[in-house]
Protein chains: 2
Amino acid sequence: MEERRKQLIDVALELFSHRSPEDVSIDDIATAAGISRPLVYHYFPGKHSLYEAAVRRAADELAGRFVEPHDGPLGGRLLRVMKRYFDFVDEHGPGFSALLRGGPAVGSARANAMIDEVRRAAYAHVLDHLGVASPGPRLALVIRSWVGLAETTALTWLEKRAIPREELELQLVHDFMALAAVTSAHDPETRGVVRRVVAQEPADGPLGDLVAHLATLAPGTEVSEP
Amino acid sequence: MEERRKQLIDVALELFSHRSPEDVSIDDIATAAGISRPLVYHYFPGKHSLYEAAVRRAADELAGRFVEPHDGPLGGRLLRVMKRYFDFVDEHGPGFSALLRGGPAVGSARANAMIDEVRRAAYAHVLDHLGVASPGPRLALVIRSWVGLAETTALTWLEKRAIPREELELQLVHDFMALAAVTSAHDPETRGVVRRVVAQEPADGPLGDLVAHLATLAPGTEVSEP
């Protein structure tokens, strides 16, 4: 019985991942699961509860991809997490977009709460990697902003896939440092974090050349085209 | 009649701005407007349509605050727009939060569409100030990301107002340049925009010291505490 429930969620998640939720019917789910429509209703009172169960599954799966050992420089760790994040986004594209954009058929309060939970998990993981237990409001805002930025970037990527995802994964790592660097002008805590992170980065790591690149943007400097 | 409709929207927007929409009843609106409940229903079939009319009004008002003359360096222009944006957020705090967070009582498809319209207006204004007509996908992503960042920052500010808004207004201007600077590592178009903008900035403008500040973050550099 629990097995059947689990199978139905698997099937539903697969369908919701590849089509917008409003385009998936209980009949589609029954057909894909090879069971009757009444049997689907036996396990889930309606599409809504099955959708929520699928979002629950997806949220847990995504949160699981944030887990990254605390080994080596931060840039490499963030980059590996970004790769897994884009893997997830790639696998669940249409469902991911529909869920985050909200809309008539989706956007239940419970599904929204699960999304917020994933955002908070992402936030907590970053904080943990930075080795900070109780951040001040400015560092907290940097991390939260960056989690939002990763969402916007992934959603934009899904629309047309006009930019290679590898480039965006690296860009998001750089974006994190750039946002932290800006905030560090006003905030000693963030400045301490940035300096500690930068000091541990190898020259050939994903953060290695960022500061040098930024310096080339000042007026009067020569820029070599890539 | 049109006058009465307009007055009701004024009253509703005022109430929705200071309380979460689910905490505002048609009775509250009737009382605040000094008219009877049936008369409210005469103009608006229900709270939902009045709420949408209020969101429409707010969306138009916010989009109006994006209008900024194309005079002087970009940093100052963006900073003035950010000040007006935070004025708006300040005036409509709880309603702004509820609307952008979605939730059970709000988040109609039509209200969501209006919010997206405002985001697109913000995007178009920035593009216009940059003097770019048809951006490539990377520059487009920078601007869109920044519009999202301004939202996250404003929402976070509203929660506890733990950071002075003037600091966040300036920070968002810096964030824009920082995101553009990161992307410019991969994108000649964005690099051209960044270099053009930086070249026009006065040393005492909001972007004047950003690059210098960023350079102080490299390992081994001395940092003077503020």
Side-chain angles (χ1 to χ4, degrees), chain A residues 101-104 107-109 112 116 136-138 140-141 144-149 151-153 155-157 160 162-163 167-168 170-171 174-175 177-188 191 194-195 198-201 209-221 223 225-226, chain B residues 101-104 107-109 112 116 136-138 140-141 144-149 151-153 155-157 160 162-163 167-168 170-171 174-175 177-188 191 194-195 198-201 209-221 223 225-226:
Chain A
R101 288 186 195 287
S108 82
N112 283 341
D116 269 339
R138 291 168 180 83
L141 177 59
R144 216 165 132 176
S145 296
W146 183 69
V147 170
L149 193 66
E151 257 179 48
T152 310
T153 301
L155 282 172
T156 305
W157 176 69
K160 295 179 190 168
I163 309 172
E167 188 183 318
L168 296 177
L170 179 60
Q171 179 174 299
H174 286 170
D175 285 342
M177 287 307 291
L179 294 179
V182 165
T183 290
S184 73
H186 299 279
D187 184 38
R191 184 161 53 241
V194 169
R195 289 176 63 87
V198 169
Q200 289 163 0
E201 287 298 318
D209 59 350
L210 179 63
V211 171
H213 161 67
L214 293 175
T216 68
L217 296 170
T221 53
V223 176
E225 299 296 320
Chain B
R101 287 188 196 286
S108 81
N112 283 341
D116 269 340
R138 291 168 180 83
L141 177 59
R144 218 166 129 173
S145 295
W146 184 68
V147 170
L149 194 65
E151 255 179 51
T152 310
T153 302
L155 283 172
T156 305
W157 176 70
K160 295 180 190 164
I163 310 172
E167 187 183 320
L168 295 177
L170 179 60
Q171 179 175 301
H174 286 171
D175 285 342
M177 287 307 290
L179 294 179
V182 165
T183 291
S184 73
H186 299 278
D187 183 38
R191 184 160 53 240
V194 169
R195 290 178 62 88
V198 170
Q200 290 165 1
E201 287 298 318
D209 58 351
L210 179 63
V211 172
H213 161 67
L214 293 175
T216 68
L217 297 170
T221 53
V223 175
E225 299 294 319

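Chain letters run A, B, ... following the sequence lines, proteins first and then strands; every chain starts at 1. A quick note: this is a predicted structure, and the numbers were derived from the prediction, not measured.
A heavy-atom distance below 4.5 Å is found between the side chains of B:Leu149 and A:Leu179. Taking the side chain as every heavy atom from C-beta outward, B:Thr183 and A:His174 never approach each other to under 4.5 Å. You'll find the side chain of A:Ile163 stays beyond 4.5 Å of the side chain of B:His186, heavy atoms only.
Atom CD of B:Gln171 is separated from atom OG of A:Ser145 by 7.0 Å, given to the nearest 0.5 angstrom. Atom OG1 of B:Thr152 sits about 8.0 Å away from atom CZ of A:Arg144, to the nearest 0.5 Å.
Residues satisfying the side-chain hydrogen bond (donor to acceptor under 3.5 Å, both in side chains) test with B:Glu167, not counting sequence neighbours, are A:Arg138.
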